[in-house]
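Notes for the one structure printed next.
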Amino acid sequence: MRCDATRLAFFSPTGTTRRIVDNIGLGLGFAVAERLDLTRPECLAAAHASRETVTVLGAPVYAGRLPAEAVRRLKRLHGAGGPAVLVVAYGNRAYEDALLELCDLARELGFTPVAGGAFVGEHSYSAPETPIAPGRPDARDVRAAREFGRVVAAKLERLADLETAAPLRVPGSLPYREAGLSADPGPITVAALCQACGQCVTACPVAAVRLEADGPVTDAARCIRCCACVKGCPEGARLFDHPGLLAVAKRLAATCRERREPETFL
Ligand SMILES: Cc1cc2nc3c(=O)[nH]c(=O)nc-3n(C[C@H](O)[C@H](O)[C@H](O)COP(=O)(O)O)c2cc1C
């Protein structure tokens, strides 16, 4: 089938999903017609939709599912029957039902899923004292993402049309795992380090941080625990100090040491 453009759409609070999606886009080799960073609260619905455009949809894995906020924002897209490549980034533990959920969502939005991949990104809760997949995606992951893009482009070229293609199958089970946020409170600010630059306010995808006279304040009810403000703070002043979350990070750093490789499905 004929494809002449790529559309990239991703939700990526700490940037790993974005890097994987961008490299798959490079591997596909078509002109990028639209690049939608759905992490930004102001990012609106896509304008570009056609059967000749291949859309790469990317989101991180939260507790084996897609983040609810990512689902809400991906729902701004329309597939117009065009092909979609599904991408989840996970922190070297497991992706469980997230890729299946993305595949089902893509179909609901009118896309035809043609390929899917689960890639590894540095865990949002990774820290120097509790490293979990630090530095990923690394050079090897980037090569794998580009190669995946090339293989998908070759598949599309071989396909006579989308209607006759075998439906994409990806791992995951129904009903999906129960979704939910940890009850632990959001990140705090270390006042002695904070320069009140407002980077945490800008980085937050859900507008949960506001700058007050004594520094940034987090609205715990809005916070999705994504760590965008923690990783985005130039002074290292934003951190999680709750014992529950620190214990999770410590456990993951101990149990998720073995390197997982990207898995792709065509
Ligand atoms: C609330 C939350 C839950 C997470 N759950 C999982 C999980 O179930 N499995 C896993 O391997 N990684 C998990 N992660 C790690 C992220 O999936 C991983 O770091 C991903 O690369 C982040 O993507 P981003 O950089 O695009 O934000 C979780 C991260 C957060 C913030």
Side-chain angles (χ1 to χ4, degrees), residues 8-24 35-40 43 56-71 73-74 86-102 117-127 130-138 141-142 144-145 171-173 176-187 203-206 208 218 220 222-232 238-240 242 244-263:
L8 309 175
F10 50 84
F11 181 80
S12 183
T14 62
T16 63
T17 311
R18 170 174 44 78
R19 281 164 54 208
I20 294 158
V21 165
D22 279 338
N23 279 288
I24 293 171
R35 188 170 177 279
L36 295 165
D37 183 355
L38 300 167
T39 329
R40 306 308 323 144
C43 185
V56 185
L57 301 172
V61 176
Y62 285 7
R65 296 281 306 274
L66 298 179
E69 194 56 40
V71 172
R73 296 186 189 189
L74 285 164
L86 320 167
V87 184
V88 294
Y90 71 104
N92 207 47
R93 186 190 68 76
Y95 59 94
E96 282 134 344
D97 302 328
L99 190 56
L100 178 64
E101 190 180 2
L102 186 56
F119 287 76
V120 176
E122 175 170 316
H123 200 293
S124 320
Y125 298 149
S126 180
T130 50
I132 317 162
R136 299 202 52 196
D138 58 14
D141 296 310
V142 165
S173 51
Y176 307 138
R177 289 164 63 89
E178 202 164 315
L181 275 181
S182 93
D184 300 336
C204 180
V206 292
T218 309
R222 287 183 89 111
C223 172
I224 59 168
R225 321 290 192 263
C226 70
C227 298
C229 62
V230 174
K231 295 209 170 168
R238 296 280 293 172
L239 50 89
F240 281 98
H242 192 273
L245 210 132
L246 295 177
V248 170
K250 204 168 162 188
R251 179 171 50 78
L252 291 173
T255 56
C256 304
R257 288 185 121 96
E258 196 180 322
R259 181 186 174 96
R260 293 182 187 276
E261 295 297 342
E263 287 173 59

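For ligands, and for the atoms within them, numbers begin at 1 and follow the listed sequence. Keep in mind the model is a prediction, meaning the values are calculated, not measured. Note: hydrogens, waters and symmetry copies are ignored here, and every other heavy atom, side chains too, is used.
Of all protein heavy atoms, the one lying nearest to atom 1 (C) of ligand 1 is Tyr125 OH, 3.4 Å. Ranking the protein heavy atoms by distance from atom 27 (O) of ligand 1 puts Thr14 N, 2.9 Å first. Regarding atom 3 (C) of ligand 1, its nearest protein heavy-atom neighbour is Tyr62 CA, 3.4 Å. Of the protein's heavy atoms, Thr16 OG1, 2.7 Å lies nearest to atom 21 (O) of ligand 1. What sits closest to atom 5 (N) of ligand 1 on the protein, heavy atoms only, is Ala63 N, 2.8 Å. Atom 10 (C) of ligand 1 has Gly91 N, 3.3 Å as its closest protein atom, hydrogens excluded (heavy atom only). For atom 9 (N) of ligand 1, the nearest protein heavy atom (residue, atom name, distance) is Ala94 O, 2.9 Å.
Neither the backbone nor the side chain of Phe10 has a heavy atom within less than 4.0 Å of ligand 1. With a heavy-atom cut-off of 4.0 Å, Glu122 touches ligand 1 through its backbone alone. Looking at Val120 against ligand 1, nothing comes within 4.0 Å, counting heavy atoms. Heavy atoms of Cys227 found under 4.0 angstrom from ligand 1: none, in either backbone or side chain.
Across Val248, Val87, Val61, heavy-atom proximity to atom 28 (C) of ligand 1 is greatest for Val61.
Asp97 places no side-chain N or O within donor-acceptor distance of the main-chain N or O of Arg65, the cut-off being under 3.5 Å. Put simply, the side chain of Arg260 gets close to the backbone of Arg93: a donor and an acceptor are under 3.5 Å apart. Between the side chain of Arg73 and the backbone N or O of Leu38 there is at least one donor-acceptor pair closer than 3.5 Å. In this structure, the side chain of Thr130 does not engage the main chain of Ser126 through any donor-acceptor pair within 3.5 Å. Asp138 contributes no side-chain N or O that, together with a main-chain N or O of Gly135, makes up a donor-acceptor pair within less than 3.5 Å. With Thr39 contributing its side chain and Ser12 its backbone, the two residues share a donor-acceptor pair below 3.5 Å.
For ligand 1, the atoms lying closer than 4.0 Å to a non-hydrogen atom of Pro60 are 22 (C), 23 (O). Using a 4.0 Å cut-off to heavy atoms of His123, the atoms of ligand 1 that qualify are 12 (N), 13 (C), 14 (N), 15 (C), 19 (O), 28 (C), 29 (C).
In terms of polar-atom proximity, defined here as any N/O pair under 3.5 Å, Gly15 does make such a contact with ligand 1. Between Thr17 and ligand 1, an N or O atom pair is found at a separation short of 3.5 Å. Considering backbone and side-chain atoms alike, Arg225 places every N or O at 3.5 Å or more from each N or O of ligand 1.
Side-chain contact between Pro13 and Pro60 is present, with at least one heavy-atom pair separated by less than 4.5 Å.
Aromatic rings of His242 and Phe240 (six-membered ring for Trp) have centroids beyond the 6.0 Å cut-off, not under it.
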task: List the steps, then state whether salt bridge (Lys or Arg N to Asp or Glu O under 4.0 Å) holds for Glu122 with Lys231.
output: CA-CA 11 Å; Glu122 175 170 316; Lys231 295 209 170 168; 3.0 Å; yes

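Of all heavy-atom pairs between Ala70 and Ala59, the closest is CB-CB, 4.2 Å.
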